[in-house]
Amino acid sequence: MSELHFYNSYTRQKEKFEPLTPGYAGLYVCGPTVSGESHLGHARPYITFDVVQRYLKHLGYKVRYVRNITDAGHFEEEGREAIDKVGEKAKLEKLEPMEMVHKYTSLFHYGMRLFNNDEPSIEPTATGHIIEQITMIETIIDKGYAYEVNGSVYFDVKKYAEKYPYGKLSGRILDDLLETTRELDGQDEKRNKVDFALWKKAPAEHIQHWNSPWGEGFPGWHIECSAMSSKYLGETFDIHGGGMDLLFPHHESEIAQSTIVHGHPPVRYWMHNNMITINGKKMGKSYNNVIKLSELFSGNHPILEQPYHPMVVRFYILQTHYRSTLDFSNEALQASEKAFRRLWEAYEILQKITHPGNADAANAELDKQVTNWCNEFEEFMNDDFNTAKVIANMFELAPVINGIKGGQVAANAISAGTFELLKRTFKTYLEEILGMQPLAAQQSGSKLDSVLSLLIEIRKDAKKRKDFATSDQIRNKLAEAGVMLKDEKDGSVSYTIE
RNA sequence: GGUCGGAUGGCCGAGUGGCUAGGCUCAGCUCUGCAAAAGCUGCUACAGCGGUUCGAAUCCGCUUUCGACCUCCA
């Protein structure tokens, strides 16, 4: 029996997972900035860490999964100005931050539900934790690692680096960073270019601002995660996850802030998922190459050849290891759709077929192989959450299942015990751990079902009379309407609805 | 420019010192009134050049090339 190991970005190696408190696991994942609609790239971390969270629960841990909503900062929405430069617009014409934040938060939650992601245990908002953030900043100032200039507060990275390993997580070298020639906002206020903002003074016309010891302003980007993670998971917690693009400066800054406030690093295991690319380039708003989730699901985007079901997208993402880049293409999504349909069908067949009950396997070799494939599921997940390999094994098992149904494999080939193992393991991993659901709910017993049963009966009669014109017409017309009929080996007929 | 990470069969993608995943596509076969589905079979790849080794896609070096981060970013 193996134990859970996964790659820790901080130490750059796979490590055995040992929670801080036995039996409990704390997980923090950087959530969305709700100033715009989520796109395909955003789907990856939330699906990845949903599976992480599901697997931890499967292993018996009580999991507290915290994923924040970033709803504070310097916001703009397309077509509407965040800063009211004119200053004369009517109230309802101006961008109301709360309105925008509410809209995109709802949209985000909708997407998460379609992906069948479990809800986090706590989903704290940045605006709901302004006081916690201010308190942290005050502590950092008191300890001498931050300074105020003109109503803004900056973290003194150079001083921090004298005592602590700044740059360890992201592989940065401070001297290199000091030579950066980038022009950034507020650069002249900082003691060093590498310093980052803890609190930013808000210009009078800025839409979001709060009162603070340093005047009206808003919190820096990094401090919210430090404040909320420590509040809900403790000064030290188990796992912090997010996209690789957050390694620097976001997560590096989180470590620095928390280390000063609490006297030690905040996180034991850092996990980072890789990016989704399109034509080899990262999907991101700065590249102008995003496919929003609503576009993906509706197919309403120039490069999409068809709509893609959320479960197809989830499957496509889980077919690749989370630390590899994943390149988007219609071809790849379509391959995933076909593969998933086939796999799910085999899974449904498995739940329906019965086993003759023989305690000994007629085909010892196959029996052993099936047992092995099933047992490997856990082994693969324990090795850095290798969902790709889990799925590969499911496809090894699918022909066995289909073969039993189709008669190519004898029903007694595997033992009753192995059959039960197969049935149980498949369900656990496909539904509970990978979190997959059927593309369309079958509605047996519904009115449509009665109608289809009637048509199927008529077609059966026609076939008996060798009236193939009629039987084929029924089949073809139903296919046009999106109902696929399938003549089974035993003479029965089943259908699937597109 | 600095740091880091990739280059795998027609396509997507695991893997990692010997046993050469998996999916999709394609071809053939079985079953079938026909079709679909399903099953079976075939397609043997690891950017290039050196090196280490009995043995390398897997380790080391160099080259070519792509990308990520260094700025908001999942």
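This is a predicted model, so every value here is computed, not measured. By convention in this document, chain letters (A, B, ...) are assigned in the order of the sequence lines, proteins followed by strands, and residues within each chain are numbered from 1.
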Would you classify [X] as touching base, sugar-phosphate or nothing, given that sugar-phosphate means primed atoms plus P, OP1 and OP2, and contacts are heavy atoms under 4.0 Å?
{"X": "Phe328(A)", "result": "nothing"}
{"X": "Ala392(A)", "result": "base"}
{"X": "Asp327(A)", "result": "sugar-phosphate"}
{"X": "Phe248(A)", "result": "sugar-phosphate"}
{"X": "Asn386(A)", "result": "sugar-phosphate"}
{"X": "Met283(A)", "result": "base"}
{"X": "His321(A)", "result": "sugar-phosphate"}
{"X": "Lys338(A)", "result": "sugar-phosphate"}

Base paired to [N] (Watson-Crick or G-U; both N/O distances under 3.5 angstrom):
{"N": "rA36(B)", "value": "none"}
{"N": "rA57(B)", "value": "none"}
{"N": "rG5(B)", "value": "rC66(B)"}

In terms of side-chain heavy atoms, does Tyr154(A) have a donor or acceptor partner in Asn192(A) at a distance below 3.5 Å? no
Polar contact flag, side-chain donor to acceptor under 3.5 angstrom, Asn117(A)-Arg314(A): yes
Under the 3.5 angstrom rule, does the side chain of Ser471(A) hit a backbone N or O of Arg459(A) as a donor-acceptor pair? no
Test item: Gln53(A) side-chain N/O and Asp50(A) main-chain N/O as donor-acceptor pair under 3.5 Å: yes
Among rA14(B), rA74(B), rG22(B), the one nearest Ala388(A) by side-chain distance: rA14(B)
Do any side-chain nitrogens or oxygens of [X] fall under 4.0 Å of OP1 or OP2 in [N]?
{"X": "Arg342(A)", "N": "rC24(B)", "result": "yes"}
{"X": "Thr48(A)", "N": "rA74(B)", "result": "no"}
{"X": "Lys389(A)", "N": "rA21(B)", "result": "no"}
{"X": "Asn402(A)", "N": "rA37(B)", "result": "no"}
{"X": "Asn273(A)", "N": "rA74(B)", "result": "no"}

Aro-ring/base stack Tyr46(A)-rA74(B), d under 5.5 Å, angle under 30°: no
Using the P atom as the point on both nucleotides, what is the distance between rU41(B) and rC34(B), in whole Å? 24 Å
Can Arg67(A) be said to sit on top of Tyr46(A)'s aromatic six-ring, NZ or CZ under 6.0 Å from centre and within 45° of the ring axis? yes
